[in-house]
Amino acid sequence: MELRQLRYFVKAAETLNFSEAAKGLFITQSTLSQQIRQLETELDAQLFQRNSHEVTLTEAGTELLPYAKETLYAADTCQEHIRDLKQ
C-alpha cells in the first residue's frame with residue numbers, strides 16, 4: 001500500500017467520480033483506475049461499486065476512508081516537521 005494509492009483512493013471516494021478525481025489529481029483516468037485496482041488487490045477487498053452510471057463506496061471502502069485520511073494527514077505532518085527541522 002502506497003501513500004499515492006491512498007491519495008487516489010481518498011480523492012475518488014470524495015468525488016465518487018473517477019474522471020473528476022483523475023482531473024483533480026492531474027493524472028489519467030486509466031492511471032487512477034489501475035492504482036485503485038492494485039490497492040483493492042493488495043487489500044483483497046473491493047473498495048468501490050462501479051457501474052455505467054455511478055460509483056459508490058463499498059462497506060470496505062467506507063471503512064478504509066477515515067484510516068486513509070488519517071494516514072495521509074500523519075504523513076503530511078511528518079514532512080512538515082522534517083522541513084521545520086531543516087530551518
Side-chain angles (χ1 to χ4, degrees):
M1 180 181 322
E2 299 177 16
L3 291 175
R4 173 176 33 94
Q5 291 172 327
L6 291 179
R7 287 187 203 288
Y8 293 0
F9 165 73
V10 168
K11 187 68 166 180
E14 290 174 344
T15 62
L16 294 178
N17 183 308
F18 277 35
S19 295
E20 188 178 321
K23 286 179 187 175
L25 293 163
F26 304 103
I27 60 172
T28 64
Q29 184 176 341
S30 62
T31 298
L32 175 65
S33 295
Q34 179 184 28
Q35 291 299 310
I36 296 292
R37 274 194 302 276
Q38 285 180 3
L39 182 59
E40 289 175 325
T41 298
E42 185 174 337
L43 295 173
D44 192 26
Q46 186 175 355
L47 302 173
F48 294 95
Q49 185 68 40
R50 306 159 179 89
N51 66 40
S52 59
H53 300 292
E54 64 182 355
V55 174
T56 57
L57 283 172
T58 62
E59 183 178 0
T62 300
E63 287 292 316
L64 176 61
L65 186 56
Y67 292 108
K69 287 180 176 182
E70 183 179 326
T71 300
L72 293 172
Y73 176 78
D76 291 343
T77 301
C78 179
Q79 284 182 329
E80 289 174 21
H81 285 296
I82 297 302
R83 271 189 292 246
D84 288 347
L85 285 174
K86 287 182 172 182
Q87 298 174 3

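Heavy-atom contacts from other residues, nucleotides or ligands closer than 6.0 Å to CD of E59 number 12 or fewer.
With contacts defined as side-chain heavy-atom distances shorter than 4.5 Å, the pair F48/T58 does not qualify. Side-chain contact between E42 and Q5 is present, with heavy atoms from C-beta onward closer than 4.5 Å.
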Verdict with reasoning, Q35 to L39, per side-chain contact (heavy atoms from CB on, under 4.5 Å):
CA-CA 6 Å; Q35 291 299 310; L39 182 59; over 6 Å; no
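Once rounded to the nearest 0.5 Å, the distance linking CD1 of I36 with OG1 of T41 reads 11.0 Å. Interatomic distance, CD of E80 versus CG of D76, reported as 6.5 Å (0.5 Å rounding). Here the straight-line distance linking atom OG1 of T71 with atom CZ of F9 works out to 11.0 Å at 0.5 Å rounding. Here CD1 of I27 is found 4.5 Å from CG of L32. Values are rounded to the nearest 0.5 Å. With values rounded to the nearest 0.5 angstrom, M1 atom CE is found 4.5 Å from L43 atom CG. In this structure, OG1 on T77 lies 10.5 Å from CG on L72, to the nearest 0.5 angstrom.
Between L3 and A75 the shortest heavy-atom distance is CD1-CB, 3.8 Å. Across all their heavy atoms, L57 and L16 have their closest contact at N-CD2, 4.1 Å. Summarising the geometry of A12 relative to F18, their closest heavy-atom pair is CB-CE1, 4.0 Å, with the distance given to 0.1 Å.
Sorted by first and then second residue, the side-chain hydrogen bond (donor to acceptor under 3.5 Å, both in side chains) pairs involving residues 12-33 (not counting sequence neighbours) are S19-Q29, T28-S30, T28-T31. For the side-chain hydrogen bond (donor to acceptor under 3.5 Å, both in side chains) condition, the pairs that include at least one residue of residues 46-57, sequence neighbours left out, are E40-R50.
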